Number of protein chains: 2
Amino acid sequence: MPVGLSEQEIERVDELVGTRRKVARGMPLYLSGEPFQSLFAIRTGFFKTEVVSEDGREQVTGFQMAGELMGLDGIGTGQHNCDARALEDSEVCVIPFNRLSELSREIDTLQHHFHKVMSREIVRDQSVMMLLGTMRAEERLAAFLVNLSQRFVSRGYSATEFNLRMTREEIGSYLGLKLETVSRGLSRLQDEGLLSVSNKNIRIHKLDDLKKAMSPRC
Amino acid sequence: MPVGLSEQEIERVDELVGTRRKVARGMPLYLSGEPFQSLFAIRTGFFKTEVVSEDGREQVTGFQMAGELMGLDGIGTGQHNCDARALEDSEVCVIPFNRLSELSREIDTLQHHFHKVMSREIVRDQSVMMLLGTMRAEERLAAFLVNLSQRFVSRGYSATEFNLRMTREEIGSYLGLKLETVSRGLSRLQDEGLLSVSNKNIRIHKLDDLKKAMSPRC
DNA sequence: ACCGCGCATTGATCAACGTCAATAATGAGC
DNA sequence: GCTCATTATTGACGTTGATCAATGCGCGGT
C-alpha cells in the first residue's frame, strides 16, 4: 500500500502481509471480544462492521471494500470491539500487528502511512457522526450512495451503476434509519428521476442532483 | 502519559512536550483547514471539537478534558479537519508530531501507547455513532451524563456533582438533538428524581437509575 | 427448474422530536 | 451593582420517521 519504498523495503512489507484468508459470504472475519492480533487488508470482496451494545442494540459502523483496512479498533484494548462479517465471498491479507509495529519502527514511510490510515478512519467516523446528527433521511441516503459511488469509481468501476452488497436493513442500521424508511427513500429518489432502483441494483442518472440532495431541502 | 519507561526515556518524552500554550475561553486552539503540525494534550480546562460541513452544518464531535489528546484528525490530510475551541480558560501541551514520530520509532512503549490512543479514539467515535443511530433523546442524554460522570470521577472529581461547561445547544449538537429537546430531557430526568439541574450545575441522585435510563424504556 | 424463505415495497397510523414563540433567568462586562 | 445579551425553560403545534401490517418479489440452495 505505501509508496516511495526501496526494493528491499517493498520486499519486507510483502513478507509482512504474507498469509491470506478467505471468508465466505455471511461468515465473520472476527467477532467482538476476540483477542486482537492482526489487521486485515481486503483483497477482494465486501464487509460490514457492526457493534453490539450491552443492551443488545446493533449498529453497522461501516462497509469496507477492496483495499481498505479492518481491525484498527482492536489495538486499544487488545480485543476486537466489533464484528466484521463478509457480505460476499471475500479474501483478506492478514497483517500481524506486532510485526507491523516493528517494521514501522524501521521504515518511516510505513509508519507515516499507518498513522495516516488511522487518522483518516477517525475523520471518516466523524463525518458519519455528522450524517447521523444533522441529516434528514433522504439526505443520509443520498450521502451514502454518493460515497459508495466515489469509492467504486476510485477502484475503476462505474460511478453510476453498481450493486449494493447489503440489505435495506443493514443500510438502515448504518444510517440510523429503519429499513422501511430506506426503502421509501430509494423509491422517492427514483420518483424524482435521480436514479433507478431494482432491488440491489442502482443506476444513478443524475449524480450532480444526487449530491445536491445531500444538502437541506431546496 | 505512557508508563514503564526508563529514566532516560522519560526525560526524552518530557522534552518532546516542551512548550505549553494557554487558550482563553471561547478561543480556538486550531481551526479546520489550518496546517497540522502538532498534537495537543490538555493540561487544564475543557474543549469542544466541531466539524463544519460544506453546506454549513455544524456538529460537535466531542468534548475533551484534562489528559486527553486532540488533533489526531489532522494526521491523515496534513490539515486540521475540525475546530477545537476552549470552553473555559485552558492550557495544553504542544506535541510536535514529527518529533513524536521519530521518538516513537526509538521507544516502542511510546509507539504502542500512541497507537492505543488512536485506536481508542476510533472506538469512542463508534460508540457515539451507536448513540446517534439507535438511542432516543432521553437515552442519549443519560448516556452523555453518565459518560461525563465517569470521566470526572477518573480525574478525582465527584461522580455525582459537577458543572457542565457547554451550553444546551452544544450538548444538542453533540447528541443530534435540538437545544429545546435537551432542556426538556433534563427537566424530565429531574422530574423522575434521577438528578437535579440548575443551569449548568448537575447533581445526580440515582446514578444507577441514570445508567438504566440509557437502555430502552422500561 | 423449482421451491421457499428472506428481502423489499407500500399503506395507514402514531409517537417523538423539531419548530415557532414567548418568557424567564443568568452571568459577563461595565 | 446594574444592564443587556446570551442561555434556558416551557407551551402549542407540525413534521418526520417509526411502527404495525399486508403483499409481492427474487434469489440461493437443492
Side-chain angles (χ1 to χ4, degrees), chain A residues 24-27 48 57-60 85-89 131-145 163-192 195-202 213 216-218, chain B residues 24-27 48 57-60 85-89 131-142 144-145 163-191 195-202 213 216-218:
Chain A
R25 175 200 177 107
M27 299 304 291
K48 69 170 173 180
R57 273 187 270 232
E58 297 185 0
Q59 165 102 11
V60 172
R85 210 171 272 273
L87 294 176
E88 61 184 32
D89 291 351
L131 178 145
L132 292 170
T134 71
M135 289 187 175
R136 312 239 316 279
E138 215 172 303
E139 294 164 6
R140 295 184 200 188
L141 257 175
F144 170 70
L145 292 171
N163 289 310
L164 301 173
R165 316 296 155 101
M166 67 296 281
T167 67
R168 302 288 189 265
E169 187 166 20
E170 288 163 337
I171 297 173
S173 173
Y174 180 59
L175 298 179
L177 303 170
K178 291 295 161 182
L179 69 95
E180 295 94 328
T181 307
V182 173
S183 185
R184 274 185 247 272
L186 288 174
S187 299
R188 194 145 199 280
L189 291 171
Q190 184 170 240
D191 292 347
E192 292 165 353
L195 49 78
S196 301
V197 196
S198 174
N199 271 293
K200 306 234 157 144
N201 183 265
I202 302 283
R217 53 142 162 277
C218 342
Chain B
R25 174 200 178 106
M27 299 304 291
K48 68 170 174 181
R57 272 187 273 232
E58 297 185 1
Q59 165 101 12
V60 172
R85 210 171 270 274
L87 293 176
E88 61 183 32
D89 292 351
L131 179 145
L132 292 170
T134 71
M135 290 187 175
R136 314 240 314 285
E138 216 171 303
E139 294 163 7
R140 295 184 199 187
L141 258 174
F144 170 70
L145 292 172
N163 288 311
L164 302 173
R165 316 297 154 99
M166 67 295 282
T167 66
R168 302 288 189 266
E169 186 166 21
E170 287 163 338
I171 296 172
S173 173
Y174 180 60
L175 299 178
L177 302 171
K178 291 295 161 180
L179 68 94
E180 294 95 329
T181 307
V182 173
S183 185
R184 275 186 248 271
L186 288 175
S187 299
R188 193 145 198 281
L189 290 171
Q190 184 170 242
D191 292 347
L195 49 78
S196 301
V197 195
S198 175
N199 271 292
K200 306 231 158 147
N201 184 266
I202 302 283
R217 55 145 160 274
C218 343

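This structure is a prediction, so every number in the text was calculated from the model and none was measured. Just so we're on the same page: letters track the sequence lines, and every chain starts at 1.
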With nearest nucleotide decided by heavy atoms, which residue, B/R25 or B/V182, maps closer to the 5′ end of DNA chain C? B/V182

Let me know which of A/I171, A/L177, A/V182, A/L131 forms a side chain to side chain contact (heavy atoms under 4.5 Å, CB included) with A/F144. A/I171

How far does CG of B/L195 sit from CD1 of B/I202, to the nearest 0.5 angstrom? 6.0 Å

If a pair satisfies salt bridge (charged side-chain N to carboxylate O under 4.0 Å, His left out) and one of its residues is in residues 168-187 of chain A, list it, with sequence neighbours excluded. A/K48-A/E170

Nearest-Å distance, NZ (B/K178) to P (D/dA8)? 15 Å

Can you give me the N/O atom pairs linking the protein to nucleotides 11-16 of chain C at distances under 3.5 Å, or say none if there are none?
residue: C/dG11; atom: N7; partner: A/R184; partner atom: NH1; Å: 2.8
residue: C/dG11; atom: O6; partner: A/R184; partner atom: NH2; Å: 3.1
residue: C/dA12; atom: N6; partner: A/R184; partner atom: NH2; Å: 3.3
residue: C/dA16; atom: OP1; partner: B/R217; partner atom: NH1; Å: 3.4

Scanning both residues in full, the closest heavy-atom pair of A/G133 with B/Q59 reads CA-OE1, 3.4 Å

Rounded to whole angstrom units, what separation is found between the CE atom of A/M135 and the P atom of D/dG17? 13 Å

Select base, sugar-phosphate, or nothing to describe what B/G185 touches, counting heavy atoms under 4.0 Å on all strands. nothing

Rounding to 0.5 Å, atoms CG (A/D191) and CZ (A/R188) come to a distance of 8.0 Å

Terminal axis angle for the helix from C/dA1-D/dT30 to C/dC30-D/dG1, five pairs an end, nearest 10 degrees: 70°

What is the separation between atom CG on B/L141 and atom P on D/dA8, rounded to the nearest whole Å? 13 Å

Distance, rounded to the nearest Å, where B/L186 contributes CG and D/dT10 contributes P: 10 Å

Rounded to whole Å, how long is the line connecting atom CG of B/N201 with atom P of C/dT26? 12 Å

Residues in side-chain contact (heavy atoms from CB on, under 4.5 Å) contact with B/S196, at least two apart in sequence or another chain: B/Q190, B/R203, B/H205

Can a donor-acceptor pair be found, under 3.5 Å and without considering hydrogens, that links the side chain of A/R85 to the backbone of A/G26? yes

To the nearest angstrom, how far is A/R188 atom CZ from C/dT10 atom C1'? 15 Å

Nearest-nucleotide check on DNA chain D, A/G176 vs A/S198; residue mapping nearer the 5' end is A/G176

Counting distance only, does the side-chain N/O of B/R140 pair as donor-acceptor with the main-chain N or O of B/L175 below 3.5 Å? yes

In chain order, what residues pass the side-chain contact (heavy atoms from CB on, under 4.5 Å) check against B/R136, with sequence neighbours excluded? B/E139, B/R217

Can you measure A/L164 atom CG to D/dG26 atom P for me and round it to whole angstrom units? 16 Å

Figure out the CD/C1' separation between B/E138 and C/dC17, and round it to whole Å. 13 Å

Protein and nucleotides 6-8 of chain C: nitrogen or oxygen contacts under 3.5 angstrom:
residue: C/dA8; atom: OP2; partner: A/R168; partner atom: N; Å: 2.8

Sub-4.5 Å side-chain heavy-atom contact between A/T167 and A/L179: no

Report yes if the side chains of B/L186 and B/L145 come closer than 4.5 Å at any heavy-atom pair, otherwise no. yes

